[in-house]
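Notes follow the structure.
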Number of protein chains: 2
Amino acid sequence: MAVSTPSSRLDGAALGAWRGYLQSHAGIVRELDADLIAHHGLTVRDYEVLLYLAQADERQLPMSALSERTMLTRSGITRLVDGLVDQGMIERISCERDARVSYARLTDAGHSKLREAGRTHVAGIERLFLSNFTATELEQLAELLGRLPGATGVAQCTAGDEAPAARPSSRCSVD
Amino acid sequence: MAVSTPSSRLDGAALGAWRGYLQSHAGIVRELDADLIAHHGLTVRDYEVLLYLAQADERQLPMSALSERTMLTRSGITRLVDGLVDQGMIERISCERDARVSYARLTDAGHSKLREAGRTHVAGIERLFLSNFTATELEQLAELLGRLPGATGVAQCTAGDEAPAARPSSRCSVD
DNA sequence: CTATTGTAGTTGATAGATCAACCGACGCTG
DNA sequence: CAGCGTCGGTTGATCTATCAACTACAATAG
């Protein structure tokens, strides 16, 4: 069959890169998630949200800001935050300047939780991802992957609850 | 706060690599999926399954083989295949040697569909992923990503419907 | 000031995937 | 060949995230 169709550079190395990309992602995220859930009862999504809040001014962000950063739809964020509110890690605060927006604010409990979970999570990333590379290789990877859409913010939004565009940010744990 | 905790190489380049990895994946897969659904009514998962079958001997594979390759649980595959059977792209065939296993076999209809969809999909991968790199860079990427768990099959299975280990394979379309 | 258009967030219905529990079939051991 | 652990696959309950529709408010135009 050969690889066929378009300009098709979809041969050996190209395919290796692509498949490695897809499969490693599935495997790593699955395991990070399992770790975090087992040790702290948090999903990676939860963790991300708490982290973004911890890094934000006043430890709070509008829902839509969270939506953009996490690559979830607005409705997805509403529900995720609902859960974290129920667990007491986040509280909702309505904005005085604009009655449409409501902030999610990290509670002290949420902040503690985040710090604990951070240990597990960072260790996991180190073990599953970073430890496979040298410092130089990590630089290469960062540069290469940084060109991809999503990492650079090239997303195309079309549908109703449009798919949010990704945004790079910093840090993987608080301290 | 600094990046903190473990052996923490979770600094600049390391974090860039990790975030680029996560965010680009989310963005790219989302868009590929949207493309494929819009043009052919198939999800990327569907496509993958059809492709694996097309590449297999006799165009058929046991459910568990599909489960491994796609990184879905056995129950996930059962349901996904159910759907493709309803659409007439796949048929189930029971194994004579071992009454426990049942094969999923690609029908002619499924094969045609796969070929059509392949054009869209390969073009998408080219556009969103491959076009960002030179041939040399793709080799580097393939090598680097190939070390990661999942790509190499290092998965750790624990729970009931255990998470399947990934397996590399070849090609992204049929012809 | 009112009407229109757009934005932030939530909600209902639904698809996709998981876990846990299960069934039937295999295969080994005693 | 009976008993026991294991394997392949399916099912029920549940969770997560989506889309589409809707509410409420804001901002702008007429």
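What you see is a predicted model; the values in this text were computed from it and never measured. All values below come from the heavy atoms of this structure, side chains included, with hydrogens, waters and symmetry mates left out. Chain letters run A, B, ... following the sequence lines, proteins first and then strands; every chain starts at 1.
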Can you list the residues that meet the side chain to side chain donor-acceptor pair (under 3.5 Å) rule with B:Glu143, with sequence neighbours excluded? B:Arg147
Just to verify, what does B:Arg92 make a side chain to side chain donor-acceptor pair (under 3.5 Å) with, not counting sequence neighbours? B:Asp82
If each end axis of the helix from C:dC1-D:dG30 to C:dG30-D:dC1 is fitted on five C1' pair positions, the angle between them, to 10 degrees, is 10°
Just jot down the side chain to side chain donor-acceptor pair (under 3.5 Å) partners of B:Gln140, sequence neighbours excluded, or say none. none
Side-chain N or O of A:Arg30 less than 4.0 angstrom from OP1 or OP2 on C:dT18? yes
Hey, could you give me each pair passing salt bridge (Lys or Arg N to Asp or Glu O under 4.0 Å) that has a residue in residues 35-56 of chain B? Not counting sequence neighbours. B:Asp35-B:Arg127, B:Arg45-B:Glu48
Under the rule for ring-ring contact (aromatic ring centres under 6.0 Å, His included), what residues qualify as partners of B:His40, not counting sequence neighbours? none
Non-neighbouring partners of A:Arg100 that pass salt bridge (Lys or Arg N to Asp or Glu O under 4.0 Å), sequence neighbours left out: A:Asp98
What donor-acceptor contacts under 3.5 angstrom involve side-chain atoms of residues 83-91 of chain A, with partners at least two apart or in another chain?
none

Each nucleotide N or O in nucleotides 12-15 of chain D that has a protein N or O under 3.5 Å away: list the pair and distance.
unit_1, atom_1, unit_2, atom_2, d
D:dG12, N7, B:Arg79, NH2, 2.6
D:dG12, O6, B:Arg79, NH1, 2.6
D:dG12, O6, B:Arg79, NH2, 3.1

Salt bridge (Lys or Arg N to Asp or Glu O under 4.0 Å) pairs, two or more places apart, involving residues 55-64 of chain A: none
For DNA chain D, the residues among residues 85-100 of chain B that have a non-hydrogen atom under 4.0 Å from it: B:Arg92, B:Arg100
What residues join A:Ile93 in its hydrophobic cluster, counting side-chain heavy atom gaps under 4.5 Å, either direct or through other members? A:Val101, A:Tyr103
